[in-house]
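Start at 1 and go down the list; that is how both ligands and their atoms are numbered.
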Amino acid sequence: MYVKDVVSRLKQLYPEGYFHINRDPFYLLISTVLSQRTRDDVTIPTTQKLFSVFGTVQEMAEADAEEIQELIKNVGFYRVKAQRIIDISRIVLRDYGGVVPDSMDELLKLPGVGRKTANCVLGYGFEQDVIAVDTHVHRISNRMGLVKTYDPDETEKELEKVVSRQDWKDINGLMVLFGQNVCRPVGPKCGECIMEDICPKIR
Ligand code: SF4
C-alpha cells in the first residue's frame, strides 16, 4: 500500500514522466555510458554534442579516439569512455548488424555496460518491464524505506518484489526527476515535499 502510494504521488507530480528522453537504443546506450560518474546536466549536452558530429553506429565505430575525447572531455573518465564508445560501436556493427541488441545477456557482453545501462536501454528503448537503478533510484528507495539495500543490483531485485510490474519502467524516470529536484542527494527539500507525511526519511 505504501509503495503504491509513493508511485502514485510521483506520477501525480510528474504526469508526463521523463518525456524528453531520446528513446533511440543506440543513443540511450552511449548516453548512459557517458553518464557514469557524471552529473545529468553535463551528460545531456555532451551526448548531444557527440551525436551532432557522429550520428550513426558506423560513424562512431570509425571515429578517431582523440576526436571523441575532444567532444566528451567534460564528462568523468572521458579517455576511457571514448575508447569504450568506439569498442561498443564496433561490436554492435560487427556482431549485431548495427542494431543494438534487446536482451540483458547480450547487452552485458558490451564493454562498460552493467545492469543499469542495460536496463535503461531495455526500458526506454525497447519498452521492456525493467527497473533501471541509478544513484537516484537507489538513494530514494532506501531513504523512503521502500527497500533496505546496499547496492543498486540488490535494490533492483527488491524493488521488483514491491513495485507493480506495470510501473517498473516508469520508476527510473520518476525518481530521476524527483531526485534532481526534491529528494536531492544533499539537502533534500523535505519541507516542500509531497511525501513529507509518509516518508520515514531514513539516513
Ligand atoms: S520527505 Fe525528504 S527524504 Fe522523504 S522523499 Fe521527501 S525530500 Fe526525500
Side-chain angles (χ1 to χ4, degrees), residues 1-23 27-29 31-48 74-77 104 113-203:
M1 193 62 193
Y2 172 59
V3 178
K4 214 172 167 168
D5 192 11
V6 169
V7 176
S8 149
R9 289 182 188 210
L10 286 172
K11 284 184 177 175
Q12 218 176 305
L13 189 60
Y14 304 113
E16 293 183 327
Y18 214 25
F19 64 93
H20 64 274
I21 197 165
N22 185 323
R23 291 175 188 270
Y27 191 97
L28 282 164
L29 179 57
S31 68
T32 314
V33 168
L34 287 171
S35 76
Q36 293 160 3
R37 292 171 188 256
T38 302
R39 292 197 324 269
D40 302 328
D41 60 342
V42 175
T43 303
I44 294 167
T46 302
T47 309
Q48 286 166 346
N74 289 339
V75 305
F77 304 97
M104 173 64 76
V113 173
R115 291 193 66 85
K116 181 198 85 172
T117 301
N119 276 331
C120 280
V121 173
L122 296 173
Y124 290 116
F126 295 107
E127 302 220 338
Q128 293 183 16
D129 292 334
V130 292
I131 302 179
V133 178
D134 68 352
T135 173
H136 295 296
V137 177
H138 181 60
R139 180 186 69 257
I140 294 166
S141 299
N142 277 281
R143 217 177 236 178
M144 297 197 70
L146 306 181
V147 299
K148 190 177 176 190
T149 56
Y150 294 95
D151 67 61
D153 287 357
E154 208 189 336
T155 303
E156 183 191 337
K157 287 195 189 75
E158 292 306 308
L159 282 176
E160 283 180 357
K161 292 180 194 166
V162 295
V163 176
S164 298
R165 193 178 181 97
Q166 67 196 36
D167 293 324
W168 286 8
K169 62 176 176 298
D170 296 326
I171 288 292
N172 176 271
L174 292 170
M175 287 198 182
V176 167
L177 291 169
F178 190 55
Q180 287 170 341
N181 298 294
V182 184
C183 194
R184 303 178 302 195
V186 178
K189 299 178 181 171
C190 300
E192 53 191 83
C193 176
I194 56 157
M195 309 288 183
E196 220 279 328
D197 58 320
I198 55 168
C199 176
K201 307 178 190 69
I202 298 166
R203 287 177 286 187

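- Atom NZ of K11 is surrounded by more than 12 heavy atoms from other residues, nucleotides or ligands within 6.0 Å.
- Residue K4 qualifies as open at atom NZ: its count of foreign heavy atoms under 6.0 Å is 12 or below.
- Within 6.0 Å of CZ in F77 there are 12 or fewer heavy atoms belonging to other residues, nucleotides or ligands.
- Open room surrounds CD on E127; 12 or fewer heavy atoms of other groups in view lie less than 6.0 Å from it.
- Near F178, with a cut-off below 4.0 Å to any heavy atom, the atoms of ligand 1 are 5 (S).
- Here the side chain of K189 pairs a donor or acceptor atom with the backbone of N181 at under 3.5 angstrom.
- At a cut-off of 2.8 Å, measuring from atom 6 (Fe) of ligand 1, the protein N, O or S atoms that fall short of it are C193 SG, waters left aside.
- Just one residue in the list V147, T149, L159 forms a side-chain contact (heavy atoms from CB on, under 4.5 Å) with H138, and that residue is T149.
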